[in-house]
Amino acid sequence: MATVTYEEVKDVPNQPNTYLIDVRNKDELARTGVIPGAISVPMTDLEAAFQMSENDFKTALNRDKPSKATVLIFTCQAGGRAKRAYELAVANGYENAKYYPGSWTEWAEKEGLNKA
C-alpha cells in the first residue's frame, strides 16, 4: 500500500505535478473545509473522472488530466474512502497513486482546526 504522511500532504502546494484529490461529498467539504491544494472529486464521480477526455477533465476540474505516471494522493474524512479511491486509481492504471490514511481527521487535528 502506498500511503503518505501529514508532512507529505502539507508539502503538496509546493509540488505542482502532484494531485491531492479529496473524495468527500460536497456537503462534507462545506462543513469542514479542504486541505490546501486539494481538488474535489467525490468518490461517486471518481470512475467517471478517470474516463473523461483530457478536455472534459480540464473543463470539469480546472486541472489538466493527470497522466498514468502522475502522483495522485487521495484523501477523505478518515481514510476509508481514500483507500478505496487509491485502489480504483491503481485499477485504472495510475501507477503512482497513494492515499493519506489520516485524511481530514488527522489534518484538522495537526492544523488545530478542531478547537472551538
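For reference, positions follow the sequence shown, starting with 1.
- A donor-acceptor pair is defined here as one N or O able to donate and one able to accept, closer than 3.5 Å; such a pair exists between the side chain of N92 and the backbone of L88.
- When ring centroids are compared, F74 and Y99 stay outside the 6.0 Å threshold.
- Each of V71, T18, I73 was scored for a side-chain contact (heavy atoms from CB on, under 4.5 Å) with V4, with one residue passing: I73.
- Counting only residues at least two apart or in different chains, salt bridge (charged side-chain N to carboxylate O under 4.0 Å, His left out) contacts with residues 14-23 comprise D22-R24.
- Side-chain heavy atoms closer than 4.5 Å link hydrophobic residues (I, L, V, M, F, W, Y) into clusters, and following such links, even through other members, never connects V34 to W107.
- In plain terms, the two heavy atoms of Q15 and D11 that are nearest each other are NE2-OD2, 2.7 Å.
- Residues Y100 and T3 fail the side-chain proximity criterion, which asks for heavy atoms closer than 4.5 Å.
- By the 4.5 Å heavy-atom criterion applied to side chains, I21 and T75 are not counted as neighbours.
- Under the salt bridge (charged side-chain N to carboxylate O under 4.0 Å, His left out) criterion, no residue pair touches residues 92-107, with sequence neighbours excluded.
- Figure legend: R63 and F57 shown without cation-pi pairing, the cationic atom not lying both under 6.0 angstrom from the six-membered ring centre and within 45 degrees of its axis.
- The two residues Y86 and A97 make their nearest non-hydrogen contact at CE1-O, 3.2 Å.
- Within 6.0 Å of the CG atom in N62, the count of heavy atoms belonging to other residues, nucleotides or ligands does not exceed 12.
- Although no hydrogens or angles enter the test, the distance criterion places a donor-acceptor pair under 3.5 Å between the side chain of E8 and the main chain of T5.
- For the pair N96 (side chain) and A69 (backbone), a donor-acceptor distance under 3.5 Å is present.
- If you chain together hydrophobic residues whose side chains sit under 4.5 Å apart, L29 and I39 never meet in one group.
- You'll find the side chain of L61 reaches within 4.5 Å of the side chain of V41, heavy atoms only.
- Closest approach of S103 to A82, counting heavy atoms only: OG-CB, 3.9 Å.
- Looking at residues two or more places apart in sequence or on another chain, you find a salt bridge (Lys or Arg N to Asp or Glu O under 4.0 Å) between D64 and K58.
- The heavy-atom pair separating W104 from T32 by the smallest distance is CZ2-O, 3.1 Å.
- With rounding to the nearest 0.5 Å, the separation of NZ in K65 from CG in D56 is 9.0 Å.
- Cluster membership for V90 and M43, using ILVMFWY side-chain heavy atoms within less than 4.5 angstrom, is shared.
- Taking each heavy atom of L20 and P36 in turn, the nearest pair found is CD2-O, 4.1 Å.
- Residues in residues 36-45 take part in these side-chain hydrogen bond (donor to acceptor under 3.5 Å, both in side chains) pairs, two or more places apart or across chains: K26-S40.
- Of all non-hydrogen atoms in C76 and R81, the two that sit nearest each other are SG-N, 3.6 Å.
- With sequence neighbours left out, K10 forms a salt bridge (Lys or Arg N to Asp or Glu O under 4.0 Å) with E111.
- A search for ring pair (Phe, Tyr, Trp, His ring centres under 6.0 Å) contacts involving Y94 returns F50, not counting sequence neighbours.
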